[in-house]
Amino acid sequence: MSAVVLVHGLYHRPEHFVRVAERLRTAGIEVVVPELHRGSLSADTAAVQAAVDLTAKPPLVLGHSYGGSVITGVRGAGQLVYLTAFVPDTGESAATLGGASPRLQEAINPEPDGSTSLRPDLATEVLYNGCSEPLAAWAVGLLRPQAPGCGRGVPLHHSWKDTPSTYVVCGQDRAIDPALQRKMAARCTEVREWRTGHSPFVGHPGLLAELLEELIRR
């Protein structure tokens with residue numbers, strides 16, 4: 001059985017990938033979706049590394065958005081997929097690469113404990129543009145607060161330098177500038193471009209599942 005590890009981004013939960021995971025499992029593919037929000041990039045990377053280490057064969061590992069910084073530090077993947085994600089090089093973080101767009105920054109609310117959350121109305125427009133209203137409402141309802149500092153973490157290893165990688169540029173993304181995505185995509189083995197917003201796993205789960213199945217068959 002092939003295995004896929006799906007790594008979510010900031011503010012998101014494993015449940016955001018449920019529609020993709022269902023399609024892959026129906027196709028006989030093992031799917032693991034680790035929970036991040038461990039408080040730092042290093043802790044999030046360790047959680048994903050533990051999931052990768054438990055698979056029988058080197059898995060396909062997908063990182064969405066901030067999840068790209070996480071999977072960059074993971075060893076032992078057979079294939080990497082960066083879904084509108086950050087691809088840091090030595091000494092770089094998601095923040096130094098360009099970070100969130102001005103529209104996403106506007107949606108961020110500081111919380112009294114130092115964490116941040118997203119304004120639901122603006123999160124809908126920025127993260128789930130192109131999704132139906134019910135789907136966007138479902139996805140926004142799953143969002144959770146984020147500990148500070150994760151986006152400024154610097155990976156200690158750079159897996160894209162020795163592992164085959166595919167970058168998916170989302171051309172209608174309002175959270176990470178598509179021009180920035182294309183610049184980072186040049187570091188990967190191959191590039192795909194979709195006319196979707198930031199979260200195709202919500203609005204276009206079949207499209208993402210088909211790509212992952214294709215890469216596994218390859």
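Along the sequence shown, residues are numbered consecutively beginning with 1.
To the nearest 0.5 Å, atoms SG (Cys131) and NE2 (His204) are separated by 6.5 Å. Rounding to the nearest 0.5 Å gives a distance of 9.0 Å between CG of Leu54 and CD of Glu30. Between atom OG of residue Ser165 and atom CG of residue Leu60 there is a gap of 11.0 Å, rounded to the nearest 0.5 Å. Taking CZ of Arg23 as the start and OG1 of Thr26 as the end, the distance is 8.5 Å to the nearest 0.5 Å. For the atom pair CG of Asp173 and CZ of Arg195, the computed distance is 13.5 Å after rounding to the nearest 0.5 Å. How far CG of Leu24 is from CG of Leu208: 7.5 Å, rounded to the nearest 0.5 Å.
For Gln172 and Asn129, the side-chain atoms include no donor-acceptor pair closer than 3.5 Å. Using a 3.5 Å distance cut-off with no hydrogens or angles, the side chains of Gln181 and Asp177 do not pair a donor with an acceptor. Using modelled atom types, one finds a donor on one side chain and an acceptor on the other under 3.5 Å when comparing Thr116 with Tyr11. Side chain to side chain, His198 and Ser65 meet the donor-acceptor criterion of an N or O pair below 3.5 Å.
Without hydrogens or angle criteria, Ser101 side chain to Leu104 main chain gives a donor-acceptor distance under 3.5 Å.
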*For the pair Tyr167 and Arg192, evaluate side chain to side chain contact (heavy atoms under 4.5 Å, CB included) and give the outcome as yes or no after the intermediate values.*
CA-CA 6 Å; Tyr167 196 104; Arg192 309 288 180 96; over 6 Å; no

*Should Val7 and Leu36 be marked as a side chain to side chain contact (heavy atoms under 4.5 Å, CB included) after you check the CA-CA gap, both sets of side-chain angles, and the distance that decides it?*
CA-CA 8 Å; Val7 182; Leu36 301 187; 3.8 Å; yes

*Stepwise, does the ring-ring contact (aromatic ring centres under 6.0 Å, His included) test hold for His8 with His37?*
CA-CA 10 Å; His8 62 79; His37 303 294; 5.2 Å; yes

*Walk me through it: do Val5 and Val48 pass the test side chain to side chain contact (heavy atoms under 4.5 Å, CB included)?*
CA-CA 8 Å; Val5 179; Val48 176; 4.3 Å; yes

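Within 6.0 Å of CG in Leu156 there are 12 or fewer heavy atoms belonging to other residues, nucleotides or ligands. Shown here is Lys161, whose NZ atom has more than 12 heavy atoms of other residues, nucleotides or ligands within 6.0 Å.
Annotation for Tyr128 and Ala136: closest pair CB-CB, 4.0 Å, computed over non-hydrogen atoms. Scanning all heavy atoms of the two residues, the minimum distance from Ala107 to Ala123 falls at CB-N, 4.4 Å. Across all their heavy atoms, Arg182 and Gly171 have their closest contact at NH2-CA, 4.5 Å. The shortest heavy-atom contact between Arg174 and Arg103 is CD-NH1, 3.6 Å. A pairwise comparison of heavy atoms in Cys150 and Asp44 identifies SG-OD2, 4.2 Å as the closest pair. Taking both residues in full, the closest heavy atoms of Val154 and Ser93 are given as CG2-CB, 4.1 Å, listed atom of the first, atom of the second, then distance.
A salt bridge does not link Arg119 with Glu125: every distance from a Lys NZ or Arg NE/NH1/NH2 to an Asp or Glu carboxylate oxygen is 4.0 Å or more. Of the charged side-chain nitrogens involved, at least one lies within less than 4.0 Å of a carboxylate oxygen, so that Arg187 and Glu92 count as a salt-bridged pair. Classification of Glu15 and Arg144 as a salt-bridged pair fails, no side-chain N sitting under 4.0 Å from a carboxylate O. Contact check on Arg218 versus Glu190 returns a salt bridge, with a Lys/Arg side-chain nitrogen under 4.0 Å from an Asp/Glu carboxylate oxygen.
Here Phe201 and His64 bring their ring centres to under 6.0 angstrom of each other.
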Please output the side-chain donor-acceptor pairs of residues 70-83 that fall under 3.5 Å, not counting sequence neighbours, one pair per line with the distance.
residue : atom : partner : partner atom : Å
Thr72   : OG1  : Gly68   : O            : 2.8
Thr72   : OG1  : Tyr82   : OH           : 2.8
Arg75   : NH1  : His157  : ND1          : 3.4
Gln79   : NE2  : Thr166  : OG1          : 3.1

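For the side-chain contact (heavy atoms from CB on, under 4.5 Å) with Asn109, the lone residue among Ser115, Ser117, Pro120, Pro145 that qualifies is Ser117.
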